[in-house]
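Please read these numbers as outputs of a predicted model, since none were measured by experiment.
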Amino acid sequence: MPYGNLSQHVIWKGPLQAVESPDGRLLFKAGKQFICKGDRIVLLGPNGAGKTRLVAMLRKAIENPEAVHAGIKATQSLVLGYCDQALADLADADTPMHTIIRRFDVDDQRARALLAGSGLSIEMQSRQIGQLSGGQKARLGMLLLRLAEPNFYLLDEPTNHLDIEGQEALEDELMGHQASCLLVSHDRNFVRTVGNRFWLIERKKLVELEGPEGFFASVSATG
């Protein structure tokens, strides 16, 4: 159920007081937060601050709306598109061809055309995913993301294995459809191009910034 203004596509609202590590250690406190339609939020912070943990919590809340996850509430109309830096949703023993057919209502011919259009040759399509290069896996992951037709993207370092063409395609996907998203990325050009809101985890608190440049400058100064 949407919250507040009906034009908003709010992803979560509630007493999200603490984000903790799997062993119960406090990573940061967030308070109440809102993600609205068209928000492309970049989550910034040092390594170990809790960025990936927050992404995981949001994913659980979206995929299992009947359970309560630290006060996170997803809208019923939300369709999730998820990708992490390890491409963990891809099974190494599976093949790209079988993955497409199993996840989507397409026949063999359509699946082959989709895979070929993403740069995966006929030979690659029948290869075990574990035998593909990082770039080939990333192309498959981006295809799966696009075919899901999400209205909200949850992305953890999505450009790690993408070439320039793949990154530009992802940028076009996010910008062209005015998609809502929350993403983590160390790629400054990608962050600057895609982001229109910026959250920073600092001193175990989540704060909103006007832009990412102050954080980038602090990282450069300490790095």
For the hydrophobic clusters of this structure (ILVMFWY residues joined by side-chain heavy atoms under 4.5 Å, transitively), does one cluster hold both [X] and [Y]?
X    : Y    : value
F152 : V184 : yes
L80  : L143 : no
L90  : L132 : yes
F104 : L87  : yes
F216 : F190 : yes

Heavy-atom distance under 4.5 Å between the side chains of [X] and [Y], does that happen here?
X    : Y    : result
T95  : S126 : no
F28  : L54  : yes
L170 : M142 : yes
L114 : L120 : no
N160 : H186 : no
P96  : I129 : yes

Within 6.0 Å of [atom1] in [X], more than 12 heavy atoms from elsewhere:
X    : atom1 : result
R188 : CZ    : yes
E165 : CD    : no
I164 : CD1   : no
D105 : CG    : no

So, taking the atom named [atom1] in [X] and the one named [atom2] in [Y], what distance separates them when rounded to the nearest 0.5 Å?
X    : Y    : atom1 : atom2 : value
I35  : Q33  : CD1   : CD    : 8.5 Å
E173 : Y153 : CD    : OH    : 3.5 Å
R59  : D89  : CZ    : CG    : 4.5 Å
R40  : L155 : CZ    : CG    : 12.0 Å
L154 : I62  : CG    : CD1   : 5.5 Å
L147 : T99  : CG    : OG1   : 11.5 Å

Polar side-chain atom of [X] near backbone of [Y] as donor-acceptor pair, under 3.5 Å:
X    : Y    : result
R197 : D39  : no
D84  : D156 : no
K51  : P46  : yes

Fill in: Salt bridge flag under 4.0 Å for residues R103 and D94
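No, this pair does not count.
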Worksheet item: Does the distance from a Lys or Arg side-chain N to an Asp or Glu carboxylate O, for E213 and R192, drop under 4.0 Å?
Response: yes
Heavy atoms only: give me the nearest [X]-[Y] pair and the separation to one decimal.
X    : Y    : value
W199 : F34  : CZ2-O, 3.9 Å
G81  : P150 : N-CB, 3.3 Å
A18  : L26  : CB-CD1, 3.8 Å
G38  : S180 : N-OG, 3.0 Å
D107 : R110 : OD1-N, 2.8 Å

Discussion item. If we count only N and O atoms by modelled type, under 3.5 Å, do the side chains of D187 and S185 hold a donor and an acceptor together?
Written reply: no
Discussion item. Could you tell me if Y82 and E63 have a donor-acceptor pair between their side chains, going purely by distance under 3.5 Å?
Written reply: no
Discussion item. Just to verify, which of L206, L44, L43 counts as forming a side-chain contact (heavy atoms from CB on, under 4.5 Å) with L200?
Written reply: L44
Identify each donor-acceptor pair in which a side-chain atom of residues 134-141 lies under 3.5 Å from a protein atom, sequence neighbours left out, and give them as a table.
from	atom 1	to	atom 2	distance (Å)
Q136	OE1	S133	N	2.9
Q136	OE1	S133	OG	3.4
R139	NH1	S118	O	3.3
R139	NH2	D163	OD2	2.7

